[in-house]
Amino acid sequence: MVPWMVMALIMATTFFSCPDPGSCHSCLEVFPSIEYQCMDQNFSKVPMDIPASTQKLDLSFNPLRSLAPRSFSRITELRILDLSRCDIQKIEDDTYEGLHNLSTLILTGNPIQSLGIRAFYGLPKLQKLVVVETNLMSLEDFPIGHIITLQELHLGHNSISSLQLPSYFASFSSMKHLDLHLNQIKNISDGDLEPVKLNPNLTLDLSENPIQYIHPGAFKGIHLSGLKLRSSFHNSTIMEACIKGMTGLKVGKLVLGNYKNDIQMTSFESSILDGLCEVDIGEFRMVQPSQFPSDGNGVFKCLVNVSVLFLVNTDIDQLTNLPIFPKLFSLSLTDCNFDIMPDLPSISLPSLKELKVTHHKDLTTLSDLALPNLQILDLSKNSLNVLSCCSDKTFNTPNLKYLNLSYNAHISLSKNFMGLENLESLDLQHTILKDHDKYPAFYSLINLRYLDISYTNTHVKFKNIFTGMSNLKHLKMAGSSFQDNILHDIFKNLTKLVSLNISYCQLERVSQETMSPLHQLQVLDLSHNKLQTFDPFICMPLLNLQVLNCSSNSITALNGENLQELSRTLISIDLSDNPFDCVCDHQIFFQWVKEHTHLLNRSKPMTCQTPSHMKDISVQLFDDSTCHMKKTVIAVSLLGIIVILLVLALVYKFYFHLMLLAGCKNIGGGESIYDAFVIYSSQDEDWVRKELVKNLEEGVPSFQLCLHYRDFIPGVAIAANIIQEGFHKSRKVIVVISEHFIQSRWCKFEYEIAQTWQFLSSQAGIIFIILQKVEKSLLRQQMELYRLLNRNTYLEWEDTNLGRHVFWRRLRKALLDGRTKNPKGAAEEEFSQPVSPT
Ligand SMILES: *[C@@H]1O[C@H](CO)[C@@H](O)[C@H](O)[C@H]1NC(C)=O
Ligand SMILES: *[C@@H]1O[C@H](CO)[C@@H](O)[C@H](O)[C@H]1NC(C)=O
Ligand SMILES: *[C@@H]1O[C@H](CO)[C@@H](O)[C@H](O)[C@H]1NC(C)=O
Ligand SMILES: *[C@@H]1O[C@H](CO)[C@@H](O)[C@H](O)[C@H]1NC(C)=O
Ligand SMILES: *[C@@H]1O[C@H](CO)[C@@H](O)[C@H](O)[C@H]1NC(C)=O
Ligand SMILES: *[C@@H]1O[C@H](CO)[C@@H](O)[C@H](O)[C@H]1NC(C)=O
Ligand SMILES: *[C@@H]1O[C@H](CO)[C@@H](O)[C@H](O)[C@H]1NC(C)=O
Ligand SMILES: *[C@@H]1O[C@H](CO)[C@@H](O)[C@H](O)[C@H]1NC(C)=O
Ligand SMILES: *[C@@H]1O[C@H](CO)[C@@H](O)[C@H](O)[C@H]1NC(C)=O
Ligand SMILES: *[C@@H]1O[C@H](CO)[C@@H](O)[C@H](O)[C@H]1NC(C)=O
Ligand SMILES: *[C@@H]1O[C@H](CO)[C@@H](O)[C@H](O)[C@H]1NC(C)=O
């Protein structure tokens, strides 16, 4: 078919030509004119087709080898440049000249042999420089001293053997992160860190250096934001000595421990951290130490003044004899091999507000925490099996605001959260819940702002499941199911809801009233359901909706008529992965899609599923001009049909008139056989036979009347008879008017034809006889007749001697009018006496 070919042609041109030169590159266009990914393309130079407006360019894994001056000066807007593993051995002077806006330069994995003294010139906004794994031996002659805007310097995996920072580091006042992991630093001496002494915002990473010795006092007076020393000490003797050498350091966050695959220290004496008594620490993290001593007292004695304590992958059976941590605010115990909850006496932890005990695969039971000040409790990713949850008694924590029980085994929510009214955030995702969908389980949580019950085996049957939570702002219930797969009005009192996630719920329908309380809703995720239609009408109450995600459903089109109900505040709508039916019925919707690409640019392209010739083609290519064409064709043919029908109707209606027209000539020249054709109602036939026929045909002069019961030719259609016999062959028409006549449609029909005939033959040929007095109102119903009667004179039948006399005289006179020749030779006697019937 022709439209198919047109469609194919359109598509072919779209695919095989490049309407916008910016869109055809050897590189992947992540965002047009902004971001290009040219990874591993065997480029030996910077590709020329990268637009000058590009801000982010990934050239990693190309054999660039050496970079000439001003290699990138054309791409002046560049902000991020990735040159990882490009086999760059030489960076000449002014290579990056012109990159006034470059903030990130990544040179990871290049075997740099020579660096021009001006190699990094012309980078006035450089903030992050990554020179990991680049054969760097020393910082002394690394030519970056002029880049005072530098915030992050990544020098890991090189061969730097001394921490002695060159004096130019003093000018890096914005420096936040200095990463020297995996180098060859063995000794830390006095004065090494002198240039960064005045920068309390710096985090220094010395992990995986073979540190042997820290000169006591090397850190004296140094104030760091963070210090990482993971896998930095070969054995516990060295570690203990080095920590002692850190005397006088003030550090916001100290991280000690190992990496999983590194050699583990064999023994871990409780005295090992003794040196920390002379270090001012805010947050202490211990990651994966081996054989952490169970004698808590000894290990922690120098850590009592920390405010945050993290123990990750620390093999402790029990935390016993804990010293008093007067300032400890947050305690996190991650994957520490507990199989029962650690006993944390509130006496030891008077300030504790945050407790996180997570990732313990053997931890199955809860126990009383008795930490009255606790506000944040994270027990996620354990194997908890809680039979009766939750109330203030469950944890003995009446001030709890945040509770995370996600990723556990089973929790039975049978306690209504009594006494936990302060709770603001509750995360139960991926934990099998019981009993919560039969009664208002969250009834007490009037302050709750955040609730996550995604993937908790929730089956919503009970309409009041969310009753009580009138302050809820965020509700996530992905992976739930609903009775009959219909979403009913379960959100009745959630008038403050801002985001709602009901993805992966197998929903087939959303009922009309569901959304009506959600005036504040901004984000609605309905993706991965089984919705077959989505009427934007349900969004009408959502006056603040900004993000709507309906991707991965079974929607064939949105109802075009209600698209304006989608709030004006919408900034993103995702309709991808739906089986769109690209037919003209949905033309309004596809037109809307074309006009609202800015709402759809965050999502994957929308493609057609049906009809088959459009399968997998973008709905943007849906050509609605074919619909206009079809419409025109339909309109034209409809019009044609109407015209034909009209003509047929007219022909039918005026069939007789036309026949008369055709017979005009005959009328003009034809001989009249009858003097008059009598039209009357069959009810008046008696009068016609006994009075009219008798008086006129048998009287002198006699008139020849045409009477249908007598003169019509048998076997010929009545209509044809009326015309051929009645009108064509009669000079005059006598219309006998009575109530019967007026009521009879047949008479009316004959009479209408008579009118035409009168008109055609232009003879004043109609004689009206009023047989009975007819009700005026009845007469008025026959407007035309009424009009004619008023215009023409008529004879009234009066059944008295005098009346009859006058009547017959006048009738004869009227019949004689226009009679040229008396066929029977009696024309002279104009006013002969009528035969009295008496
Ligand atoms: C990469 O490009 C060079 C020439 O620039 C060519 O000799 C080589 O075969 C190419 N390698 C691949 C894998 O295409
Ligand atoms: C750099 O960024 C600023 C805004 O951050 C912009 O005005 C300017 O045009 C950009 N380009 C150059 C070459 O400076
Ligand atoms: C490191 O310290 C040890 C002993 O304290 C010393 O023998 C060695 O020379 C020092 N090495 C360097 C590179 O300073
Ligand atoms: C450290 O950072 C804070 C905020 O991040 C800033 O206000 C302060 O000025 C910085 N201090 C120095 C010495 O740069
Ligand atoms: C730790 O290592 C140093 C140097 O490698 C060695 O002298 C010392 O004996 C070791 N200590 C222990 C306890 O293994
Ligand atoms: C903890 O701080 C107190 C005073 O704030 C001080 O007396 C005590 O020595 C500190 N303890 C440690 C181990 O640093
Ligand atoms: C609860 O814990 C899980 C797993 O640790 C985490 O992914 C989630 O973000 C937490 N919930 C909240 C509300 O912080
Ligand atoms: C819903 O809220 C209204 C007022 O905010 C309150 O009167 C009504 O009782 C609440 N209904 C339920 C079922 O909680
Ligand atoms: C809704 O939940 C699903 C499943 O947990 C998640 O993938 C999706 O990102 C969430 N949507 C929003 C808008 O957060
Ligand atoms: C819509 O949801 C799908 C699946 O959860 C996700 O991949 C997509 O990024 C979301 N779209 C937007 C615009 O957030
Ligand atoms: C999508 O379009 C909006 C409005 O035109 C624009 O502000 C936004 O930056 C675009 N987003 C992307 C990812 O192109």
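Both counts, for ligands and for their atoms, begin at 1 and track the order of listing.
In this structure, Tyr455 and His430 have parallel ring planes: the angle between them is below the 30° cut-off, well short of the 60° mark. Ring geometry for Tyr450 against His474 counts as tilted: the plane angle lies between 30° and 60°, on a 0 to 90° scale.
Distances from atom 4 (C) of ligand 6 to the protein include no heavy-atom value under 4.0 Å. Within a 4.0 Å radius of atom 9 (O) of ligand 1, the protein contributes no non-hydrogen atoms. The presence of a protein heavy atom under 4.0 Å from atom 14 (O) of ligand 7 is confirmed.
For the residue pair Asn471 / Lys496, a side-chain donor-acceptor distance below 3.5 Å is found, with atom types taken as modelled. For the residue pair Thr456 / Thr458, a side-chain donor-acceptor distance below 3.5 Å is found, with atom types taken as modelled. With no hydrogens or angles considered, no side-chain donor-acceptor pair links His528 and Ser503 at under 3.5 Å.
Protein heavy atom nearest atom 12 (C) of ligand 1, with residue, atom name and distance: Asn42 ND2, 3.1 Å. Of the protein's non-hydrogen atoms, the one nearest atom 1 (C) of ligand 6 is Asn305 ND2, 1.4 Å.
For the pair Asn110 (side chain) and Leu83 (backbone), a donor-acceptor distance under 3.5 Å is present.
A salt bridge links Asp274 with Lys301: the closest approach of a Lys/Arg side-chain nitrogen to an acidic carboxylate oxygen falls below 4.0 angstrom. The pair Glu278-Lys244 does not meet the salt-bridge criterion, since no charged nitrogen lies less than 4.0 angstrom from a carboxylate oxygen.
For ligand 7, one of its N or O atoms has an N or O atom of Ser406 under 3.5 Å away. On a distance-only criterion, Tyr402 and ligand 7 share at least one N/O pair closer than 3.5 Å. Between Asp427 and ligand 7, an N or O atom pair is found at a separation short of 3.5 Å. For Ser380, a nitrogen or oxygen atom sits less than 3.5 Å from a nitrogen or oxygen atom of ligand 7, counting backbone and side chain alike. Looking at Tyr450 next to ligand 7, no N or O pair under 3.5 Å apart turns up.
For the residues Asn404, Leu405, Leu379, the heavy atom positioned nearest atom 2 (O) of ligand 7 is part of Asn404.
Note on ligand 6: Lys301 sits in its first shell, one or more heavy atoms being nearer than 4.0 Å.
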